[in-house]
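As structure tokens, the structure follows; a few thoughts come after it.
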Amino acid sequence: MIFGFDANKARKDFPVLSKDIIYFDNACMSLKPLQVIERINEYYKEYSACAGRSAHKLASRVENEVAKSREELRKIVNAKKQEEIIFTRNTTEGINLVANSIGLRKGDEVIISDKEHNSNLLPWLKLRKNGMIVKICPGNSDGTFNLENFEKLISKKTKIVSVVFTSNVDGVTNPIKGICKIAHDNGSLVLADGAQAVPSHEVDVGGLDVDFLAFSGHKMLGPTGTGVLYGKKKLLEKMDQFIIGGETVTNTNYDSYEMEELPMKFEAGLQDYAGIIGLGEACRYLKRVGLGSIKKQELKLNALISRELLKNEKIRILGPGDAGQRSGIFSFNIKGMNPHNVSKILENSRNILTRSGMHCVHSWFNSRKIGGSVRASMYFYNTEEEAEIFVGEVQKICKAF
Ligand SMILES: Cc1ncc(COP(=O)(O)O)c(C=O)c1O
């Protein structure tokens, strides 16, 4: 531990937080600590070469650092093997890779929940043109997952179940282990969209028995344009390649090629080495803070905000009333007000930065005829003082309008 957890101490590592802002948009993107920024700079200043192609000493250093990062990522999700960690640009790319590589055929079914980010809706919807069927599993009215509905929906034709792990709409975490059990008993695979889960939960892919887990570096202190797809080795080995080119083959002729082994098989072209190395450093940072402390801090702030604001009859939250089920997300509307206006007022009054709109989950909002929401999303470097300011400002808006 670099610090026995103290949000105020942690804040000093984040240059953006020296500005006069309250950053409550962490579900969109986390801020970056100096340690990550410095590791990226170090790459560019000292050894900005490529890995896997040249044999000189700068290239060897890059290769070595990339391998160390892969090991950090392996540890953060408790994967068994480094080859199970595929570097991608983001969650979206990981999901597209799976959707296009597991050999879905006409008549195959995929089940997704009714609250998926566009990144876990569109890759499947697009495949319908090949005769694949997408089934939507309806959740409970409080936003939690309905396992009974899921059990009714799954069939022998269900090839894969692709569900959000923790929702970016309301912060609800789905029962991935239970979903995996039902799916596996049925002979189906499971992909979890871990974009919101990995940054603040202890995720153990082995314990969950999940087949694939896609997540983004930029939401977990890492650089933009970095992500990971975890997959069970035996599945990844069997899967076809999605993007193919340099690094993904060992030999080519004019009419044939030999596929590389894992993980390079799926990492086409020159990679974002600086980003990957920075992401490894982000994992080291998260480990030092402790994912347990991160989750605790998020829940503490969300409980404080929920306790105060849910008393106000003008406020409608998305998701369960119990803050303990909503991670670091407080997604809400003020009766009669446009969420964009609320978000703008919060910024103009006290520099509170939230996100408003449908959060890339248009399908869920449209089906419920909700125009959007204001989403305040907290991370471990946010403080109770910030949460109290936020509560005060929201209450002022409720009174004034
Ligand atoms: C639940 C969820 N899934 C997928 C994504 C897409 O992530 P990315 O844009 O990094 O691919 C996001 C981003 O907000 C998300 O919150």
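Atoms within each ligand, like the ligands themselves, are counted from 1 in listed order. These numbers were taken from a predicted model, which means no experiment stands behind them. Computed over heavy atoms, backbone and side chain alike; hydrogens, waters and symmetry mates excluded.
- Per-residue contacts place A195 under 4.0 angstrom from the following atoms of ligand 1 (heavy atoms of the residue considered): 2 (C), 3 (N), 4 (C), 5 (C), 12 (C), 15 (C).
- Looking only at heavy atoms of the protein, atom 16 (O) of ligand 1 is closest to Q196 NE2, 2.7 Å.
- Salt bridge annotation for E202-K295: absent, with no cationic side-chain nitrogen under 4.0 angstrom from a carboxylate oxygen.
- Between R375 and D170 there is no salt bridge, since none of the side-chain N atoms of the basic residue sits less than 4.0 Å from a carboxylate O of the acidic one.
- From the protein, the heavy atom lying nearest to atom 15 (C) of ligand 1 is H117 CD2, 3.3 Å.
- Note on R61 versus E46: salt bridge recorded, some NZ/NE/NH1/NH2 to OD/OE distance being below 4.0 Å.
- Side-chain polar atoms of T354 and S343 form a donor-acceptor pair below 3.5 angstrom.
- Inspection of the N149 and N140 side chains reveals no N or O donor paired with an N or O acceptor under 3.5 Å.
- Residue H218 touches ligand 1 through its side chain alone, judged by heavy-atom distances below 4.0 Å.
- For atom 13 (C) of ligand 1, the nearest non-hydrogen atom of the protein is K219 NZ, 2.8 Å.
- At a 4.0 Å cut-off, not a single heavy atom of E116 sits close enough to ligand 1 to count as contact.
- Checked for salt-bridge contact, R11 and E386 meet the test: a charged N lies under 4.0 Å from a carboxylate O.
- Every atom of ligand 1 is numbered from 1 in the order shown, and the set under 4.0 Å from a heavy atom of S216 is 7 (O), 8 (P), 10 (O), 11 (O).
- The closest approach between R89 and ligand 1 stays at or above 4.0 Å for every heavy atom of the residue.
- Heavy-atom separations between D193 and ligand 1 include at least one value shorter than 4.0 Å.
- Note on K300 versus E384: salt bridge recorded, some NZ/NE/NH1/NH2 to OD/OE distance being below 4.0 Å.
- In summary, the atoms of ligand 1 found under 4.0 Å from a heavy atom of S119, numbered by their order in the structure, are 6 (C).
- By the criterion of a heavy-atom distance under 4.0 Å, the side chain of V164, and not its backbone, is placed next to ligand 1.
- Listed by atom number, the atoms of ligand 1 under 4.0 Å from T92 heavy atoms are 6 (C), 8 (P), 9 (O), 11 (O).
- In summary, the side chains of N253 and S256 do present a donor paired with an acceptor at a separation below 3.5 Å, with no hydrogens or angles considered.
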